[in-house]
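Note sheet for the following structure.
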Amino acid sequence: MPSYSALPVPPMSIRFDPAGGTLQPEGPTLTRRMSDLDGLFRDHAAWEQAVADGDPVVYSVVSSRVPEVERELPQSITTIQPGATAGELWMTKGHQHPNHQGEIYLGISGHGGLLLFNGTETEWVDMTPGTIGYMPPGWAHRSINVGDEPYSFLAVYPGGAGHDYGWVLEHGMGRRVLSGASGVEFVDYDAS
Ligand SMILES: [Fe+2]
């Protein structure tokens with residue numbers, strides 16, 4: 001099973017395959033199924049039904065071998081499958097960095113978006129191949145697939161940033177992203 005490099009990490013070349021969403025050499029892979037997204041979809045009954053109906057993979061994260069430790073700069077490729085549950089487009093869990101550090105995403109295939117929330121304001125960055133989305137320190141972030149094919153992006157982040165998923169469960173993301181008749185629609189996080 002692929003793993004992170006031992007310290008110190010040597011200089012290295014890392015190839016990424018835009019079509020396959022893979023890194024070579026590859027580190028650990030994380031797979032998030034619908035059942036891993038408890039408490040995140042607006043329609044809880046629809047979420048339960050989706051879990052019962054095969055518990056599909058919603059997204060996967062392939063990491064490079066650079067470890068998540070202070071002063072290192074790890075990378076990963078996330079691929080979100082296309083889909084919606086009760087109209088809410090498939091998405092990552094979303095997280096805040098406990099130490100409020102910045103991060104960049106680079107869109108590499110498909111069409112997605114980056115939802116950012118600082119506890120008061122919400123921002124949306126449309127993500128297509130070649131777009132760099134910048135997350136300033138203190139902005140929680142979630143990615144959403146708004147297209148009909150898998151959406152993949154490369155993330156580069158401070159190794160000591162951490163991932164606080166509980167922050168989103170407590171504070172929400174300001175808005176929800178739905179599939180509307182004329183495209184993407186935004187509603188207040190608590191709207192039903
Ligand atoms: Fe992050």
Side-chain angles (χ1 to χ4, degrees), residues 2-5 9 14 16 18 21-23 26-34 36-41 57-81 88-146 150-177 186 189:
S3 60
Y4 289 123
S5 297
V9 178
I14 304 162
F16 74 83
T22 57
L23 289 166
E26 140 186 307
T29 296
L30 180 71
T31 301
R32 299 282 197 203
R33 293 184 174 275
M34 187 60 78
D36 296 312
L37 276 62
D38 190 8
L40 298 177
F41 282 94
V57 171
V58 178
Y59 65 97
S60 59
V61 184
V62 178
S63 296
S64 78
R65 291 194 176 171
V66 178
E68 293 181 330
V69 298
E70 289 285 351
R71 302 173 64 197
E72 296 290 346
L73 204 54
Q75 321 91 41
S76 60
I77 291 182
T78 299
T79 301
I80 309 173
Q81 298 304 313
E88 190 167 4
L89 288 159
W90 283 7
M91 58 192 173
T92 61
K93 295 177 75 166
H95 62 266
Q96 177 68 285
H97 296 159
N99 298 323
H100 287 189
Q101 300 186 54
E103 180 170 11
I104 62 167
Y105 288 171
L106 168 65
I108 55 178
S109 69
H111 185 192
L114 176 54
L115 183 69
L116 299 118
F117 181 52
N118 68 0
T120 307
E121 305 163 85
T122 305
E123 294 286 345
W124 175 254
V125 178
D126 190 60
M127 294 287 294
T128 54
T131 305
I132 294 174
Y134 177 59
M135 286 144 278
W139 289 76
H141 36 284
R142 163 180 286 172
S143 290
I144 295 105
N145 188 342
V146 303
Y151 161 56
S152 294
F153 63 90
L154 172 73
V156 183
Y157 54 100
H163 299 82
D164 183 355
Y165 299 105
W167 192 95
V168 172
L169 290 172
E170 183 177 351
H171 300 282
M173 284 297 300
R175 298 279 188 279
R176 292 183 181 278
V177 186
F186 298 90
Y189 199 83

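Start at 1 with the first residue, then count along the sequence. Whatever order the structure lists them in is the order used to number ligands and atoms, beginning at 1.
Residues satisfying the ring pair (Phe, Tyr, Trp, His ring centres under 6.0 Å) test with His171, not counting sequence neighbours, are Trp167. Take Phe153 and apply the ring pair (Phe, Tyr, Trp, His ring centres under 6.0 Å) test, not counting sequence neighbours, and it matches Tyr105, Tyr151. Partners of Leu30 under the side-chain contact (heavy atoms from CB on, under 4.5 Å) rule, at least two apart in sequence or in another chain, are Arg32, Val61.
Within the protein, the number of N/O/S atoms found under 2.8 Å from the Fe ion (ligand 1) is 4.
Cation-pi geometry between Arg176 and Tyr189 is satisfied (NZ or CZ under 6.0 Å from the ring centre, within 45° of the ring normal).
No side-chain N or O of Ser76 forms a donor-acceptor pair with one of Ser63 less than 3.5 Å apart. A donor-acceptor contact under 3.5 angstrom links the side chains of His95 and His141, judged on distance only.
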